[in-house]
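Let me begin by presenting the structure, written as structure tokens, before commenting on it.
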Amino acid sequence: MVHMQSLNHTPQGFHSAPFVELRQFFPSEIRVISSFVDRLMRFLHFRPEDGSEIDIETAVREALANAMVHGNGENPSKRVYVECRCYTDREVSITVRDEGTGFDTSAVPDPTTPESRLCEHGRGIYLMKTLMDEISFDESGTLVHMRKKSNVGPDAQRRAA
């Protein structure tokens, strides 16, 4: 079951254009990731496709999995909160928050180093950073902000508007 709730965690001044917004929370159950991401990607149809959809989808899947598995320890009584904003300039801002204790973001090893390449875990944050234009952590690592700008240039945006 998916519930609606206000997060109010998108940083003030993060973006000033008008937007549409989706806010939801759900239990830390891996099985809900796919159905939520499918719903989120349909919501993103507010912005014309520009080739960045798979990047956004993959980054959101990683953020949700990290929140559920590492943040909330797959405890179904703990929730994951998501806020997604689609701006009129086609930028997307996504915030994911868990109810865990957080982590030291500077202690996450680089998965591209030789000693980390064969590890089974540790690629999620790297993928999120690679696929999104901006990523930042707040609240001791329990909240991640991700931002993806449109791949469509300003002239094409004006013609499509």
Side-chain angles (χ1 to χ4, degrees), residues 1-105 108 121-152 157 160:
M1 176 181 278
V2 177
H3 302 278
M4 301 295 284
Q5 177 184 344
S6 173
L7 285 181
N8 295 326
H9 279 95
T10 301
Q12 295 298 322
F14 198 65
H15 201 285
S16 61
F19 60 87
V20 292
E21 184 173 68
L22 171 71
R23 294 179 182 182
Q24 294 189 326
F25 69 90
F26 35 85
S28 293
E29 297 175 359
I30 296 297
R31 65 180 177 80
V32 304
I33 291 176
S34 286
S35 62
F36 172 74
V37 172
D38 290 346
R39 186 176 306 115
L40 178 70
M41 296 312 292
R42 284 191 304 272
F43 172 75
L44 291 180
H45 283 277
F46 279 108
R47 72 193 278 274
E49 291 185 13
D50 65 1
S52 66
E53 295 77 22
I54 192 69
D55 294 349
I56 295 168
E57 180 178 348
T58 302
V60 169
R61 286 183 186 279
E62 291 296 334
L64 293 174
N66 283 348
M68 291 179 185
V69 174
H70 302 295
N72 290 344
E74 294 187 68
N75 180 343
S77 67
K78 291 185 177 183
R79 293 197 166 107
V80 173
Y81 303 84
V82 180
E83 177 182 283
C84 177
R85 289 183 176 181
C86 295
Y87 294 90
T88 54
D89 65 359
R90 300 185 177 140
E91 182 174 301
V92 176
S93 171
I94 301 167
T95 302
V96 176
R97 181 174 57 90
D98 62 58
E99 295 179 335
T101 58
F103 69 103
D104 179 0
T105 58
V108 177
H121 297 284
R123 290 171 183 79
I125 292 174
Y126 174 79
L127 281 172
M128 291 162 37
K129 287 180 176 179
T130 301
L131 297 172
M132 300 299 279
D133 294 320
E134 292 180 20
I135 178 173
S136 62
F137 293 90
D138 292 345
E139 298 181 19
S140 302
T142 62
L143 187 140
V144 60
H145 299 287
M146 300 181 290
R147 190 169 86 150
K148 188 70 167 179
K149 299 174 188 171
S150 175
N151 287 336
V152 177
Q157 286 182 12

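Counting from 1, the numbers follow the sequence of the chain as shown.
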Restricting to side-chain hydrogen bond (donor to acceptor under 3.5 Å, both in side chains), what partner residues turn up for Glu29, sequence neighbours left out? Arg31
Could you work out, with side-chain hydrogen bond (donor to acceptor under 3.5 Å, both in side chains) as the rule, every residue matching Asn72, not counting sequence neighbours? Ser28
Between Glu21 and Arg85, is there a side-chain N and carboxylate O pair less than 4.0 Å apart? yes
Side-chain ion pair, Glu134 and Arg147, N-O less than 4.0 Å: yes
Is any side-chain heavy atom of [X] less than 4.5 Å from a side-chain heavy atom of [Y]?
{"X": "Tyr81", "Y": "Glu99", "answer": "yes"}
{"X": "Met128", "Y": "Val144", "answer": "yes"}
{"X": "Met68", "Y": "Ile30", "answer": "yes"}
{"X": "Leu44", "Y": "Glu53", "answer": "no"}

How close do [X] and [Y] get, heavy atom to heavy atom, and via which atoms?
{"X": "Thr101", "Y": "Thr142", "result": "C-CG2, 3.9 Å"}
{"X": "Gly51", "Y": "Asn151", "result": "C-ND2, 4.0 Å"}
{"X": "Ala63", "Y": "Met146", "result": "CB-CE, 3.9 Å"}
{"X": "Met132", "Y": "Ala59", "result": "CG-CB, 3.6 Å"}
{"X": "Val92", "Y": "Cys84", "result": "CG1-SG, 4.0 Å"}
{"X": "Val96", "Y": "Ala67", "result": "CG1-CB, 4.0 Å"}

Look at the aromatic rings of Phe26 and Phe36 and report parallel, tilted or perpendicular, splitting at 30° and 60°. tilted
Side chain to side chain contact (heavy atoms under 4.5 Å, CB included) for Phe103 and Ile125? Distances and angles first, verdict last. CA-CA 12 Å; Phe103 69 103; Ile125 292 174; 3.7 Å; yes
How about Tyr126: does its OH atom have over 12 heavy atoms from other parts shown lying under 6.0 Å from it? no
According to salt bridge (Lys or Arg N to Asp or Glu O under 4.0 Å), does anything in residues 55-69 pair up with another residue at least two apart or in another chain? List the pairs. Asp38-Arg61, Asp55-Lys148, Glu57-Arg61
